[in-house]
Amino acid sequence: QVVFALNQTLLQHESLRAGSFQIPYTTEDLIKHYSCGDLSSIIFNHDTSQVPNFINATLLAHERITAQEIDSYFRQELIYKRNERMGLRVKGLLEEYPDKSFFFAFGAGHFMGNNTVIDVLRREGYKVEHTPAGQDI
């Protein structure tokens, strides 16, 4: 699986470099949507945007199964579990120091797709609000 994932990643990078494959949004798009608090944007709702997409129509049947296993593993281990740990750490700090004020900053990847850090905190009963750029806290 590791060799397959590395080969697929290299093929994607070669396609990007050759211009035959393009990412549907730019870094500027990400920054704009993140800054505006537009976390419901299609950019942030795509679960696999954080990890390479190994599943494509050119794969053989056995390769497609391998790609689906890797995709599932990445989604669970690198996205969902990571966000769960981070959300529970935030909750722990808030509960351990109830009289303190906190400012938590996360990269855009922690707000993408399902089971985000915000989802974890809301599930734990917290109200989470976006503070727009330039607004005093």
Applying side-chain contact (heavy atoms from CB on, under 4.5 Å), run through Asn115 and Arg123 and close with a yes or a no. CA-CA 10 Å; Asn115 301 311; Arg123 200 171 49 241; 4.2 Å; yes

Between Val120 and Phe106, is there a shared hydrophobic cluster once you connect ILVMFWY residues whose side-chain heavy atoms come closer than 4.5 Å? no

If two hydrophobic side chains count as joined below 4.5 Å and joins carry through other members, does Leu88 share a cluster with Met86? no

Just wondering, do Arg122 and Val128 contact through their side chains at under 4.5 Å, heavy atoms? yes

List the atom pairs, with distances to 0.1 Å, where a side-chain N or O of residues 90-101 and a protein N or O form a donor-acceptor pair under 3.5 Å, not counting sequence neighbours.
from  : atom 1 : to     : atom 2 : distance (Å)
Lys91 : NZ     : Glu124 : OE1    : 2.8

Can you establish whether the number of heavy atoms outside Tyr73 located under 6.0 Å from its atom OH is more than 12? no

Separation between CD of Glu84 and CG of Asp119, rounded to the nearest 0.5 Å: 10.0 Å

Residue pair Val117 / Asn83: nearest heavy atoms and the distance that separates them: CG2-OD1, 3.7 Å

